[in-house]
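Below is one structure, written out as structure tokens, with a few remarks after it.
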Amino acid sequence: MSTRPLRALLFLAFLSTVARAAPQPAAGLTASPVLPTAPAQAAAPAPAPRRTVLLLGDSLIATGFGEYLQNQLAAHPRIRCERRAKSSTGLARPDFFDWLEVGQQEVRQHQPDVVVVILGGNDGQALHTRQGRATVAWGKPDWQGEYRQRLTDFVTAISAPGRKIVWLELPATGLHRFEQKLTLIRDLQREVVAGREDAVHLETRPFFTDARGKALKQARVEGFRKPMRLRMTDGVHFTVAGGRYFANKVYPEVLGALGLETPEPAEQHTSRPAAPPVKTALQASAPAAPVVPPAAP
């Protein structure tokens, strides 16, 4: 028998053995290309928390000045502003409107960082209880002591740790008889507020008197081309221009109490400012002095 066929058979058997011994890829495993890792992105800084300002007061807060100041503060990207006002009110007549109770409700609801207050123009009268009983007549020796206590109680009620109170001095009016009352009320307010570490008494006389100390009747106001009259015909309440003028003076003082700076125009909200407030019935009338609440029935 020839050896050539035998050699061929042996070679084929060897090839078959080698093929069976070769490693096979594992079922279900497929090699994937290695992709480059994306660089980690820095987390965006958290926005600074907004601060809350609460405005409290009588008709001066209820009308143009209060509206303009609220609009200015609310336009700041770091501020939320709330406002509570009631015309013809003060601390003398809690039977008509109880600011002690209302003030506590407002600060409890809004938890403000700063409270701006202007009150007292209607307080030159007899002091009453919540039940409407007159306790001390205006001009009596005991009036100052009781009014001082009411101021102390009110400021204490709206205060809290870390909160700042900005008390606005009642603006000069130029009305001689009315100024006699306001002078006493201003002095008592200054005494109480200045004695607290958490409160600032903002002097407003420089805003509304000229170089000779007389009441300022006109002034240049942002947004108006010529000097504008600041007061209504009653000599107490502000015109539209006067409200804006006063708000422009108080606005930076409130920012200072918050530890903030006036924002650059690009940082402010893009919404257009509110239209000038419509003249109210109270402003349209011309009483000789602010309206005082009626006697309790």
Side-chain angles (χ1 to χ4, degrees), residues 55 57-69 72 87-88 90 116-125 138-139 143-144 147-148 151 166-195 199-257 262 276-277 279-280 282-292:
L55 310 181
D58 53 24
S59 56
L60 298 185
I61 290 290
T63 53
F65 162 65
E67 293 179 358
Y68 278 121
L69 183 58
Q72 283 183 298
S87 298
S88 303
V116 180
V117 183
I118 185 165
L119 283 171
N122 300 295
D123 284 342
Q125 59 176 301
W138 169 260
W143 193 95
Q144 295 186 39
Y147 189 71
R148 183 186 292 108
L151 286 167
V166 178
W167 193 287
L168 306 182
E169 179 186 45
L170 295 169
T173 65
L175 303 176
H176 179 68
R177 293 185 61 185
F178 189 43
E179 280 294 315
Q180 289 180 330
K181 288 187 174 184
L182 292 188
T183 297
L184 175 59
I185 294 171
R186 290 190 191 106
D187 289 344
L188 292 172
Q189 291 181 351
R190 183 185 300 106
E191 175 189 333
V192 171
V193 174
V200 174
H201 184 268
L202 179 60
E203 305 288 339
T204 64
R205 176 165 291 275
F207 305 156
F208 295 101
T209 55
D210 59 20
R212 296 177 297 175
K214 293 185 177 182
L216 194 64
K217 295 182 178 180
Q218 292 185 341
R220 290 198 171 275
V221 183
E222 181 182 356
F224 296 89
R225 294 183 178 180
K226 62 180 182 179
M228 300 297 295
R229 187 163 56 92
L230 301 179
R231 304 282 186 151
M232 302 294 292
T233 54
D234 64 2
V236 177
H237 297 94
F238 295 117
T239 61
V240 170
R244 179 180 294 183
Y245 171 84
F246 193 20
N248 289 342
K249 297 292 186 181
V250 174
Y251 174 67
E253 302 292 341
V254 179
L255 293 187
T262 304
K279 186 185 297 183
T280 64
L282 176 62
Q283 291 175 308
S285 62
V291 179
V292 297

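Along the sequence shown, the residues carry numbers beginning at 1. Below, each value reflects all heavy atoms present in this structure, side chains not excepted, and no hydrogens, waters or symmetry copies. All of these numbers come straight from a predicted model, not from anything done at the bench.
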With rounding to the nearest 0.5 angstrom, report the [atom1] to [atom2] distance, [X] to [Y].
| X | Y | atom1 | atom2 | result |
| --- | --- | --- | --- | --- |
| Phe65 | Phe238 | CZ | CZ | 7.0 Å |
| Thr239 | Phe224 | OG1 | CZ | 7.5 Å |
| Ile118 | Leu69 | CD1 | CG | 10.5 Å |
| Leu188 | Gln144 | CG | CD | 5.5 Å |

task: Please identify each residue that fulfils side chain to side chain donor-acceptor pair (under 3.5 Å) with Tyr147, with sequence neighbours left out.
output: Asp123

message: Using the side chain to side chain donor-acceptor pair (under 3.5 Å) criterion, which residues pair with Asp58? Sequence neighbours excluded.
response: none

statement: Between Arg244 and Gly223, the two heavy atoms sitting closest are NH1-CA, 3.6 Å

- request: Write down the atom of Tyr68, the atom of Gly243, and the distance for their closest heavy-atom approach.
  value: CD1-C, 3.9 Å

query: Using a distance-only test with no angle check, is there a side-chain donor-acceptor pair under 3.5 angstrom linking Ser59 and His237?
result: yes

- prompt: Hey, does Thr204 have a side-chain heavy atom less than 4.5 Å from the side chain of Lys249?
  reply: no

field: Within-4.5 Å side-chain heavy-atom neighbours: Thr173 and Arg231
entry: yes

query: What residue among Thr183, Ile185, Val236, Leu119 forms side chain to side chain contact (heavy atoms under 4.5 Å, CB included) with Leu170?
result: Ile185

- prompt: Partners of Val193 by side chain to side chain contact (heavy atoms under 4.5 Å, CB included), sequence neighbours excluded?
  reply: Trp167, Ala199, His201

Side-chain donor-acceptor pairs under 3.5 Å in residues 206-221, sequence neighbours left out?
unit_1, atom_1, unit_2, atom_2, d
Thr209, OG1, Arg205, O, 2.7
Asp210, OD1, Arg212, N, 2.9
Asp210, OD1, Gly213, N, 3.0
Asp210, OD1, Lys214, N, 2.9
Arg220, NH1, Arg225, O, 3.3

- prompt: According to the salt bridge (charged side-chain N to carboxylate O under 4.0 Å, His left out) rule, which pairs have a member within residues 180-193, sequence neighbours left out?
  reply: Arg148-Glu191, Glu169-Arg190, Glu179-Arg186, Asp187-Arg190, Arg190-Glu203

